[in-house]
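Bear in mind the structure is a predicted one, so any value in this text is a computation, not a measurement. Numbered from 1 within each chain, the chains take letters A, B, ... in sequence-line order. Every heavy atom of this structure was used, including side-chain atoms; hydrogens, water molecules and symmetry mates were not.
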2 protein chains.
Amino acid sequence: MIDLGRLRALHAVASYKTVLAAGEALHCTPSAVSQQLAKLERETGTTLVEKDGRGLRLTEAGRLLAQHAERVMATVDEAEAALAAHRDTVVGRLTVVAFATACRALLPWALHKLAAEHPQLSTGLIEANPHEGLEALHRGHVDLAVLDDWPEVALRYPPGIAHVELGWDVADLIVPSGHATAGTTTLAQLGSERWISAKAGDICHEWLVRVLPGVQPDFHVGEFETQLTLIAAGLGVAIIPRLARPPQLPTGVRIVAINPAPRRRVVVAWREAAAARPAIKAAERALRESWDQASAARASRTVNAPA
Amino acid sequence: MIDLGRLRALHAVASYKTVLAAGEALHCTPSAVSQQLAKLERETGTTLVEKDGRGLRLTEAGRLLAQHAERVMATVDEAEAALAAHRDTVVGRLTVVAFATACRALLPWALHKLAAEHPQLSTGLIEANPHEGLEALHRGHVDLAVLDDWPEVALRYPPGIAHVELGWDVADLIVPSGHATAGTTTLAQLGSERWISAKAGDICHEWLVRVLPGVQPDFHVGEFETQLTLIAAGLGVAIIPRLARPPQLPTGVRIVAINPAPRRRVVVAWREAAAARPAIKAAERALRESWDQASAARASRTVNAPA
DNA sequence: CCGAGGATGTAGGGTCGCTACATGATTGAC
DNA sequence: GTCAATCATGTAGCGACCCTACATCCTCGG
């Protein structure tokens, strides 16, 4: 395979007519250019230049190869330009993993915005709990992870994974309307309730049994909406994060604030190796906007129609 | 400018999926491939590969650059192929310098044949005496020289110039029909003739004054046909090479053989540096055929209509 | 839990390419 | 005609680079 440096030397000589000028253009001595040409001739087994007075002249073969050298160099330039453009462009495929509530409350808007602003970006979404999400991210199966991180069962971020906090999601106790509880309570007072919780293995369930040792939930359902239905039926109580709470609570349930409020951090994480990728940054921005928007919507609901 | 070896490494990894296999394909160790990739990443400031389990996986940017690498390598291959084809093809421009008689007697047929057999070759012809021709060849103004080389004023071939003999061209004395000379003579007997010769500086003139010291030609004309006309007018005698003799001698002149016959070597010369060029070889072959044809034509004329 | 398989660091040696200088060749000017 | 300027090209030496060998780390499968 012909060496690129030699082609550059030949092309420079073809352009500047003299080894001296070519050397200046290539920022080296004429001797270096001459040696490159000699090696190119040896390697190709072709005479490329001929003496012409005190200068030199390209042979037919030399001109031919110089033309091709120009094409090669142009192709290399295209490659560099494409790479540089890629560096500044939101392109390619971006797969996001997110916990269930985020999939419903944050991702639709964020992914829609990404698609609208960056038509060259194709996106994908996978629902998974934070542990699975972090694993998938670490293994490179996904490019971005949206995780809920309960302080009491804090996630461990492997080295090479960067993460930032979108914000805190507070959780409240939801009880049947007729339940005998004040407007505010503490976790310690809740030991004897009948509990509705997520499925075993889910981080919300882990969290519950961690903060209320000894509690054995009787109902295990994955979706918070289903939990609310069960609560409305008077079967028990549950702790439901506000992000997961539907805009309109079903009738028959009541919100009880817990003090101190249980809360989870919502974070977005990516591989540090991919941190510079514009698609990653754009997605993080979109998620943050989506978060702010969801927070604002909750705030306005609280003002207009206090829970 | 991106290094070609690094692009080859990236492309091999893209093709073979693993650094190990890429190393085998490139006939080097996986460590070398890995280092090339690392350097390519450093030089481009882009992440090109990511870990994937115990193997690795190309990033978007890596795939992009690998595609361009394929194009670059294809372009380089084209250059090599074009050069290889050029090595075996009669193409380009071939300029020939020849002495006057050769321009008339050899070159038309030879150049016509070259053009017919090699449409991609464009030719040129310059008339010049052997000294000028050798100079032009040496300086690279022409690619091929057809020279007449009189042993008595032998040419000096500079180093780097190769030459082969086409054949010997014998010269005869041409005298007016009524001239008092036998059918054969010697140079020594011709000291007192009135001489018709080429212009001063021409090699034929140089040759004449060299072999007949003291002779001072009275007539100096460049073309042998004109010399024949002068001879027919009874103004003097001349020595005319057979190659220059027209098929039909004008009336009023007679051929006298000289013993030993004066003769000149007709040679074709080229720069050794260009010896491998197919166009040179083809032209030399064409000239030799042209020479043989001219010799055969003279021979048949001699048989059918003895001079 | 351990072994196989794969990537990637580190040290060392060999090659390659460049620089500086000298040489050869050619041109143009005085 | 001679001399100086210009240009290409050899040679020696030095530095950079690249590759190999070996060790290490990580991951996957039993």
Over how many whole Å does the gap from [X] atom [atom1] to [N] atom [atom2] extend?
X     : N      : atom1 : atom2 : value
B:R8  : D:dC19 : CZ    : C1'   : 15 Å
B:L56 : D:dT27 : CG    : C1'   : 13 Å
B:L48 : C:dA7  : CG    : C1'   : 16 Å
A:E50 : D:dA8  : CD    : P     : 15 Å
A:R57 : D:dA8  : CZ    : P     : 13 Å
A:L7  : C:dG17 : CG    : P     : 13 Å
B:K17 : C:dA7  : NZ    : C1'   : 17 Å
B:L4  : D:dC17 : CG    : P     : 18 Å

**Asked** What heavy-atom pair brings A:L155 and A:D148 nearest, and what distance separates the two atoms?
**Response** CD1-O, 4.0 Å

**Which atom of A:Q36 lies closest to which atom of A:A9, heavy atoms considered** = CB-CB, 3.8 Å

**Asked** Counting only non-hydrogen atoms, which of residues 25-37 of chain B are less than 4.0 Å from DNA chain C?
**Response** B:P30, B:S31, B:S34, B:Q35

**Prompt:** What string of B, S and - do you get for nucleotides 25-30 of chain C, 5' to 3', when a contact is any protein heavy atom under 4.0 Å?
**Reply:** -BB---

**Asked** Mapping B:D3 and A:E135 onto DNA chain D by nearest heavy atom, which one lands closer to the 5' end?
**Response** B:D3

**Request:** Verify the distance criterion only: is there a donor paired with an acceptor across the side chains of B:R93 and B:S122 at less than 3.5 Å?
**Result:**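 Yes.
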
**Those residues that, when tested against A:Y157, pass side chain to side chain donor-acceptor pair (under 3.5 Å) (two or more places apart)** =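 A:Y157 satisfies side chain to side chain donor-acceptor pair (under 3.5 Å) with A:D149 only.
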
**Request:** Please indicate whether B:R87 has more than 12 foreign heavy atoms, meaning atoms of other residues, nucleotides or ligands, lying under 6.0 Å from its CZ.
**Result:**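 Correct, the count exceeds 12.
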
**Asked** So, does A:T46 use its side chain to make a donor-acceptor pair with the main chain of A:T44 at under 3.5 Å?
**Response**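 A pair under 3.5 Å: yes.
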
**Message:** Strictly below 4.0 Å, N to O, side chains only: are B:R265 and B:E165 in salt-bridge contact?
**Reply:**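 The answer is yes: the pair qualifies as a salt bridge.
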
**Asked** Do B:E284 and B:R288 meet the salt-bridge criterion of a basic N to acidic O distance under 4.0 Å?
**Response**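 The answer is yes: the pair qualifies as a salt bridge.
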
**Item:** The single option from B:E43, B:Q35, B:H11 passing side-chain hydrogen bond (donor to acceptor under 3.5 Å, both in side chains) against B:R6
**Value:**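 Result for side-chain hydrogen bond (donor to acceptor under 3.5 Å, both in side chains) with B:R6: B:E43.
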
